[in-house]
Amino acid sequence: MRLYDTMTGEKQEFTPSGDEVTMYVCGVTPYAATHVGHALSYVYFDVLRRYLEHRGHRVRHVENFTDIDDKIIERARAEGITIEELTSRHIQDYFQVMDALNVKRAYVYPRATQEIPQMLEIISTLVERGYAYPAEGDVYFRVQKEPDYGKLSHRTLEGMVAGVRVEGGTLKEHPLDFALWKRTKPGEPSWKSPWGEGRPGWHIECSAMALRYLGNTVDIHGGGQDLIFPHHENEIAQAEAYTGVKPFVRVWLHNGLLHLGEEKMSKSLGNLVTVKDALASHPPDALRLAFLLSHYRSPLTYTDEGIVGAERALERLVNALRGDGEGRADGGVDVHLYRERFLAAMDDDLNTPQALASLFDLAREINRHRERGVAVGEAQGALREMAGVLGLSLEEQARPEQKDAYPFVDLLVETRSRLRADRKWELADDLRSRLEELGVLLEDTPSGTLWRFKSLP
RNA sequence: GGCGACGUGGCCAAGUGGUCUAAGGCGGAGCUCUGCAAAAGCUCUAUUCGGCGGUUCGAAUCCGCCCGUCGCCUCCA
């Protein structure tokens, strides 16, 4: 398949270097609730993983938690709790909503605070080799020592110095040098190091974890576009300087950012919608579909209308799977055609909008054939399978509390069927509209009345 | 200021030199089916791709300029 690599700026043929695909995805800094921007990113990488697996690859997928940084310390202090309490709460939230969104779990979720020895080992080596220097308990990476610094984000040191804010009283040799290790401040969590008590800088944990769990060269490394600089640029510098192996990463993948209004959604701007809130009013499949309806590299604006539109679109797919699929064997759907279109789209830099277009066309074809009494079981199976590659369950998703109402709704529907049999249309129609007001949709079909819960507003 | 991305129908969104008078979704209109609805199906809903020039036999797709929006350069998926 072809993937767009941020480093080269073009799509290139991707083949794993070994038996399995190694994939590192930058995880969250767990100091606030998981928001829908995170959801978008992890859904896309989940689809990539599912697709690679669908293509027969094993995927060794690692995702970190950066559970120590300024914001975490700040927030924990503000809330009067320990950083462990804060981060474990948000990590729990993260898993809960990602599970709800049907995002497959990674094989490992290393946490920065548990990888300190690896980081110290890297930092020490960098210092020994002259790639880093200690300064009053801090350790900085010497960007001028790395000639290709800026290769990922396509910047030059000169170009960046122009726009950089020069901090007063800095210990840095160069304004773009970045901290690998920060000396401790009173009241902050810290670890012992050759340079005194301190804690890791922001970028080092990802290099350390990727190298430890995936080796010196990782097939795929991904994250949001906002991580390209400085985070990923710095990861490359550290990792390549430490291992001497280039490239650290074979393909860099970055998803477009989710906007709310005119700006990107972010924790620091505070303009966010949490995944929990989104899932309170929309089914997980709808959220997922809303993301996949746009290409992963494009920015997308989060709107309620957008999700509602996806919800309707989802119903189309779900409805196409109704029935037992049986019928005349002749003149069935040419499933092969749709599979080919799906694969071709996915092979082309994970073009999910186009892949979905083939699924919608397939759904229409299924409905058309089914209406004529032709067997559509195979086509339905294919639709379900391809949707599964996109992580869409296509199940009617009732909430647990709704399940309790099943027998009662069944009873009402049955009663209404009797009224209809007696041609008591007025009563039957009234019952139907009253049920709709309560969130239950009825459909009378030749084979009986179907009902389902309306997804909540 | 530097670097980068983007601007396609009412809305969302693919397409990046000819098969494009432009996929798909949502919305809207009409029809079919239905006791009525719903679902589904059919038909219609951009001769046009921010604007202006240029390259080419041919451009939404390449080049230049302009206008507009966004991102990164500070924490961020």
Side-chain angles (χ1 to χ4, degrees), chain A residues 6 9 25-29 31-32 34-45 63 66 69-72 74 150 153-156 158-165 167 176 202 222-231 233 254-259 262-269 272 289-290 293-295 297-301 303 305-320 322 341 345 348 351-361 363-364 366-372 420 423 425-426 428-429 432-433 436 441-446 449-452:
Chain A
T6 305
V25 178
C26 275
V28 294
T29 304
Y31 71 86
T34 312
H35 63 69
V36 286
H38 299 130
L40 169 136
S41 186
Y42 299 111
V43 162
Y44 284 135
F45 285 107
E63 186 181 311
T66 301
D69 94 319
D70 294 347
K71 286 272 165 55
I72 290 175
E74 206 176 284
S153 53
H154 309 111
R155 298 160 201 234
T156 58
E158 303 76 65
M160 284 187 282
V161 169
V164 93
R165 201 187 317 163
E167 307 153 53
L176 285 156
W202 174 32
Q225 274 170 357
D226 52 354
L227 296 180
I228 296 172
F229 190 88
H231 187 57
E233 194 69 68
H254 292 97
N255 63 272
L257 301 175
L258 188 68
H259 289 229
E262 297 291 283
E263 290 169 306
K264 75 158 180 171
M265 190 176 287
S266 78
K267 286 186 282 197
S268 47
L269 291 171
L272 50 81
L289 186 60
L293 244 15
S294 117
H295 186 82
R297 282 191 285 115
S298 306
L300 179 69
T301 300
T303 62
E305 300 76 67
I307 313 299
V308 169
E311 223 167 308
R312 296 281 138 67
L314 185 66
E315 278 172 30
R316 280 184 70 71
L317 298 178
V318 171
N319 287 339
R322 285 181 173 179
R341 274 176 64 196
D348 183 17
N351 194 330
T352 53
Q354 230 163 45
L356 280 164
S358 80
L359 297 195
F360 286 114
D361 285 342
R364 173 174 295 112
I366 288 169
N367 290 332
R368 213 183 277 164
H369 281 76
R370 185 176 44 195
E371 240 168 45
R372 292 192 286 115
R420 290 182 67 225
R423 308 184 70 81
W425 307 124
E426 208 175 313
D429 290 352
R432 181 175 59 197
S433 61
E436 184 173 347
L441 300 176
L442 301 199
E443 285 178 40
D444 298 320
T445 74
T449 299
L450 300 175
W451 69 268
R452 65 195 157 90

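Every value quoted in this text rests on a predicted model; they were computed, and no experiment measured them. The chains referred to below are lettered A, B, ... by the order of the sequence lines, with proteins before strands, and numbering in each begins at 1.
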Asks: Any base atoms under 4.0 Å from A:Ser298, or only sugar-phosphate, or nothing? Heavy atoms, all strands.
Replies: sugar-phosphate
Asks: What is the nucleic acid contact for A:His154, judged by heavy atoms within less than 4.0 Å: base, sugar-phosphate only, or nothing?
Replies: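 Sugar-phosphate contact only.
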Asks: Where are the stems of RNA chain B, defined as at least 3 consecutive Watson-Crick or wobble G-U pairs with both distances under 3.5 Å?
Replies: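 Stem list for RNA chain B: B:1-7 with B:67-73, B:10-12 with B:24-26, B:27-32 with B:40-45, B:50-54 with B:62-66.
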Asks: Check the phosphate of B:A40 against A:Arg370, side-chain N and O only, distance under 4.0 Å to OP1 or OP2. Yes or no?
Replies: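 No, because none of the side-chain N or O atoms of A:Arg370 sits under 4.0 Å from OP1 or OP2 of B:A40.
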Asks: Side chain of A:Asp444, base of B:C36: donor and acceptor closer than 3.5 Å?
Replies: yes
Asks: Is it true that A:Asn367 and A:Arg370 share a donor-acceptor pair across their side chains at a distance under 3.5 Å?
Replies: yes
Asks: Are the side chain of A:Lys71 and the backbone of A:Lys267 linked by a donor-acceptor contact shorter than 3.5 Å?
Replies: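 Not at all, since once roles are kept as given, no pair shorter than 3.5 Å links the two residues.
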Asks: With side-chain contact (heavy atoms from CB on, under 4.5 Å) as the criterion, how do A:Glu436 and A:Leu442 come out once you've worked through the C-alpha distance, each side chain's angles and the decisive distance to 0.1 Å?
Replies: CA-CA 8 Å; A:Glu436 184 173 347; A:Leu442 301 199; over 6 Å; no
Asks: Looking at A:Val36, A:Leu258, A:Asn255, which one forms a side chain to side chain contact (heavy atoms under 4.5 Å, CB included) with A:Ser41?
Replies: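 Output: one option passes, namely A:Asn255.
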Asks: So, under a plain 3.5 Å distance rule, would you say the side chain of A:Arg432 forms a donor-acceptor pair with the base of B:C36?
Replies: yes
Asks: Classify the nucleic acid contact of A:Glu263 as base, sugar-phosphate or nothing, counting any heavy atom under 4.0 Å across all strands shown.
Replies: sugar-phosphate
Asks: Say we look at B:A23 and B:G15: how far apart would their C1' atoms be, to the nearest angstrom?
Replies: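 It works out to 8 Å between them.
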Asks: How is A:Lys264 classified with respect to the nucleic acid when contacts are heavy atoms under 4.0 Å: base, sugar-phosphate, or nothing?
Replies: base
Asks: Using the rule given for side-chain contact (heavy atoms from CB on, under 4.5 Å), can you reason through A:Arg432 versus A:Arg420, listing the C-alpha separation, both sets of side-chain angles and the distance that settles it, and then say yes or no?
Replies: CA-CA 11 Å; A:Arg432 181 175 59 197; A:Arg420 290 182 67 225; over 6 Å; no
Asks: Quick check for you: among B:G24, B:A77, B:C73, whose closest atom lies nearest to any side-chain atom of A:Asp361?
Replies: B:G24
Asks: What is the distance from CZ of A:Arg322 to C1' of B:A40, rounded to the nearest Å?
Replies: 9 Å
Asks: Please tell me which of the listed nucleotides, B:A23, B:G25, B:C73, lies nearest to the side chain of A:Phe229?
Replies: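 For the A:Phe229 side chain, the nearest candidate turns out to be B:C73.
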Asks: Which value, in whole Å, describes the distance between the C1' atoms of nucleotides B:U34 and B:G18?
Replies: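 Here B:U34 and B:G18 have their C1' atoms 47 Å from each other.
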Asks: NA contact type, A:Ser294, heavy-atom cut-off 4.0 Å: base, sugar-phosphate, or nothing?
Replies: sugar-phosphate
Asks: Side-chain N or O of A:Ser358 versus OP1/OP2 of B:A14: is the shortest distance under 4.0 Å?
Replies: no
Asks: Rounded off to whole Å, could you give me the CD-to-C1' distance for the A:Glu443 and B:C33 pair?
Replies: 14 Å
Asks: Side chains of A:Val308 and A:Glu305, heavy atoms from C-beta outward: is any pair under 4.5 Å?
Replies: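 They are not in contact (no side-chain heavy atoms under 4.5 Å apart), so the answer is no.
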Asks: Side chain of A:His259, heavy atoms from C-beta onward: which of B:C26, B:G41, B:G71 has the nearest atom to it?
Replies: B:G71
Asks: Counting any heavy atom closer than 4.0 Å, what does A:His295 reach on the DNA or RNA strands: base, sugar-phosphate only, or nothing?
Replies: sugar-phosphate
Asks: How far, in whole Å, is B:G7 from B:C12 if one measures between their C1' atoms?
Replies: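 Each nucleotide's C1' atom is 14 Å from the other's.
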Asks: Output the single nucleotide from B:A23, B:A77, B:C42 whose closest atom is nearest the side chain of A:Arg341.
Replies: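 The answer is B:A23, which lies nearest to the side chain.
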Asks: In whole angstrom, give the distance that lies between atom CG of A:Leu40 and atom P of B:A13.
Replies: 12 Å
Asks: Looking at A:Arg420 and B:G35, is any side-chain donor or acceptor paired with a base atom of the opposite kind under 3.5 Å?
Replies: yes
Asks: What do the steps show when you test A:Gln354 against A:Arg341 for side-chain contact (heavy atoms from CB on, under 4.5 Å), and what is the final call?
Replies: CA-CA 8 Å; A:Gln354 230 163 45; A:Arg341 274 176 64 196; over 6 Å; no
Asks: Between A:Arg316 and B:G41, is there a contact of a side-chain N or O with OP1 or OP2 at under 4.0 Å?
Replies: yes
Asks: By the 4.0 Å heavy-atom rule, please label A:Glu436 as base, sugar-phosphate, or nothing.
Replies: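 Since no nucleic acid heavy atom lies under 4.0 Å of A:Glu436, the category is nothing.
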Asks: With a non-hydrogen cut-off below 4.0 angstrom, is A:Gly27 in contact with a base, only sugar-phosphate, or nothing?
Replies: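 Sugar-phosphate only.
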Asks: Could you measure between the two P atoms, the one in B:C20 and the one in B:U45, and give it in whole Å?
Replies: 16 Å
Asks: Picking from B:A39, B:A13, B:C73, which would you name as closest to the side chain of A:Arg452?
Replies: B:A39
Asks: With rounding to whole Å, what would you report as the distance between B:C75 and B:C70 at their P atoms?
Replies: 22 Å
Asks: Using only side-chain N and O atoms of A:Asn319, determine if any of them is under 4.0 Å from OP1 or OP2 of B:A40.
Replies: yes
Asks: Tell me every residue that passes side chain to side chain donor-acceptor pair (under 3.5 Å) with A:Arg368, counting only those two or more places apart in sequence or in another chain.
Replies: A:Glu365
Asks: Nearest to the side chain of A:Asp226, heavy atoms from C-beta on, is which of B:C42, B:A40, B:A77?
Replies: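 So the nucleotide nearest the side chain must be B:A77.
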Asks: How many whole angstroms separate atom CD of A:Glu315 from atom P of B:G25?
Replies: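 Checked: the CD to P distance equals 14 Å.
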Asks: Taking atom C1' in both B:U55 and B:U47, compute the distance separating them and give it to the nearest angstrom.
Replies: 23 Å
Asks: Would you indicate what A:Tyr42 reaches in the nucleic acid, counting non-hydrogen atoms under 4.0 angstrom: base, sugar-phosphate, or nothing?
Replies: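 Contact class for A:Tyr42: sugar-phosphate only.
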Asks: Return the CD to NZ distance between A:Gln225 and A:Lys264, rounded to the nearest 0.5 Å.
Replies: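 One finds 10.0 Å between CD of A:Gln225 and NZ of A:Lys264.
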Asks: Whether the side chain of A:Asp429 and the base of B:G35 hold a donor-acceptor pair under 3.5 Å is what I'd like checked.
Replies: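 Per atom types, the contact qualifies.
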Asks: Say we look at B:C49 and B:G9: how far apart would their C1' atoms be, to the nearest angstrom?
Replies: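 B:C49 and B:G9 have their C1' atoms separated by 10 Å.
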Asks: Give one of base, sugar-phosphate or nothing for A:Glu371, where a contact means two heavy atoms less than 4.0 Å apart.
Replies: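 It contacts base atoms.
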Asks: NA contact type, A:Leu450, heavy-atom cut-off 4.0 Å: base, sugar-phosphate, or nothing?
Replies: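 Nothing, no heavy atom under 4.0 Å.
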Asks: Would you tell me if any nitrogen or oxygen in the side chain of A:Asn351 comes within less than 4.0 Å of OP1 or OP2 on B:G15?
Replies: yes
Asks: Check the distance between B:C3's P and A:Arg155's CZ and give it to me in whole angstrom.
Replies: 11 Å
Asks: Using a 4.0 Å heavy-atom cut-off, does A:Asn255 contact any base of the nucleic acid, only the sugar-phosphate backbone, or nothing at all?
Replies: base
Asks: Would you measure the distance from the P atom in B:U74 across to the matching atom in B:U19 and give it in whole Å?
Replies: 47 Å
Asks: Which part of the nucleic acid, if any, lies within contact of A:His231, taking any heavy atom under 4.0 Å across all strands shown: a base, the sugar-phosphate backbone alone, or nothing?
Replies: nothing
Asks: Looking for any heavy atom pair under 4.0 Å, which part of the strands does A:Gly37 touch: base, sugar-phosphate only, or nothing?
Replies: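 Base, at least one base atom sits under 4.0 Å.
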Asks: Any side-chain N or O of A:Arg312 under 4.0 Å from OP1/OP2 of B:G27?
Replies: yes
